[in-house]
Number of protein chains: 2
Amino acid sequence: MKISLEETAKELSERNIRPSIQRVRILAYMKENLCHPTVEKIYNDLHPEIPSLSKTTVYNTLNLFLAAGLVRMLNIEENEIRYDIVMKTHGHFKCESCGEIFNFRINIDDFPADDLNGFTIKDRDVYFKGVCPKCRKEKVKEAE
Amino acid sequence: MKISLEETAKELSERNIRPSIQRVRILAYMKENLCHPTVEKIYNDLHPEIPSLSKTTVYNTLNLFLAAGLVRMLNIEENEIRYDIVMKTHGHFKCESCGEIFNFRINIDDFPADDLNGFTIKDRDVYFKGVCPKCRKEKVKEAE
DNA sequence: AAACAAATTTGTAATCATTATAAATTAATA
DNA sequence: TATTAATTTATAATGATTACAAATTTGTTT
């Protein structure tokens, strides 16, 4: 999906975030690539198009978007932070074999968690891990 | 709760893990301290009792226990790995104010996740964040 | 439009948790 | 006791993230 840069800039302005080229491109990238990218991946993909881009800017921008509630941070794996455009709450499944992260619909907000009476819940993350169907099939083939 | 070191050693032996002093003490520590400690905390707490203890050993031992399924790894926060003795699946709530992590009962295994038909699910983690009751009360006081 | 001030970006260096490595120690076996 | 294997330890290396300060860009005022 191609995201309009003008629309994206407007969206930033509405949140009182000055729409610099870097910010607009990074936010548009996040909307086009719903693959939960790491800073590394965002940088590698955008650097050819924005040669001046620095990795520090990607870090700064993601932290800015995080504070503004535009993106969510995923801590599904210990050695890497991933980011996700904010949308209706959903779960994340990481395939241990290919590393891909899948979204799945789940009603996190309605979970009964009686032990948390009196707690203010601001964030709910559901992380599953295992093997995706594609990798499972490949494993069966290997075994033959 | 005081954990028997003999019992703990036996438990390791049964899993074919040689029960060195360090391993036994670390596992006993995990059972006594259900506070989801970091490697740092485990090291700081045990070092006075085992002066020779090295932080590397704590890392090695936790990774060993992890592979053996004795502990779980918590990636609730991006800059720290925490560990938890394995028990019935439960959720984890981290208070943004005091940093404490609370367990709460939740039937993760029964979640309907129809999008994951065909997926093999091995691990399920539920992380909530917000403010615990104690910190909420303190904030109200401050506001007065 | 020019000058100035503020915000943003950038590159480098610093930090910090974790892992790699290899020597030293401890335990197990012959 | 001698030999071998496993474990622990200290130090160095790695790698992701942040701190910092200079350079650049943008916005504002005259």
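What you see is a predicted model; the values in this text were computed from it and never measured. Chain A is the first sequence line, chain B the second, and so forth, proteins listed ahead of strands; every chain is numbered from 1.
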[N] [atom2] sits how many Å from [X] [atom1], rounded?
| X | N | atom1 | atom2 | value |
| --- | --- | --- | --- | --- |
| B:Lys41 | C:dA17 | NZ | P | 15 Å |
| A:Lys55 | D:dG15 | NZ | P | 11 Å |
| A:Leu12 | C:dA7 | CG | P | 17 Å |
| B:Leu53 | D:dT8 | CG | P | 9 Å |
| A:Arg18 | D:dT28 | CZ | P | 7 Å |
| B:Tyr43 | C:dC16 | OH | P | 17 Å |
| B:Asn44 | C:dA17 | CG | P | 11 Å |

Which part of the nucleic acid, if any, lies within contact of A:Thr57, taking any heavy atom under 4.0 Å across all strands shown: a base, the sugar-phosphate backbone alone, or nothing? base

Give a yes/no answer on whether the side chain of [X] brings an N or O atom under 4.0 Å of OP1 or OP2 in [N].
| X | N | answer |
| --- | --- | --- |
| A:Arg23 | C:dT9 | yes |
| B:Ser20 | D:dT8 | yes |
| A:Tyr59 | D:dT17 | yes |
| A:Gln22 | C:dT10 | yes |

For the rings on A:Phe104 and A:Phe128, is their centre-to-centre separation under 6.0 Å?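 Under 6.0 Å, so yes.
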
Nucleic acid contacts - residues 60-85 of chain B versus DNA chain C, non-hydrogen atoms under 4.0 Å: B:Asn63, B:Asn79, B:Ile81

Between residues 29-39 of chain B and DNA chain C, which residues have a heavy-atom gap below 4.0 Å?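 Contacting residues: none.
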
Salt bridge flag under 4.0 Å for residues [X] and [Y]:
| X | Y | value |
| --- | --- | --- |
| A:Asp109 | A:Arg124 | yes |
| B:Glu77 | B:Lys129 | yes |
| A:Glu11 | A:Lys31 | yes |
| A:Glu100 | A:Lys134 | no |
| B:Lys94 | B:Glu96 | no |

Nearest nucleotide by nearest heavy atom, which residue falls closer to the 5' end of DNA chain D, B:Thr56 or A:Glu40?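 Going by which nucleotide is closer to the 5' end, it is B:Thr56.
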
Donor on one side chain, acceptor on other, B:Asp84 and B:His92, under 3.5 Å: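 A pair is found: one side chain offers a donor N or O, the other an acceptor, under 3.5 Å apart.
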
B:Thr57 OG1 to B:Ile42 CD1 distance, which is reported to the nearest 0.5 Å: 12.5 Å

Go through A:Arg82 and A:Glu80 one step at a time and tell me if the salt bridge (Lys or Arg N to Asp or Glu O under 4.0 Å) criterion holds. CA-CA 6 Å; A:Arg82 291 170 173 276; A:Glu80 58 181 22; 2.9 Å; yes

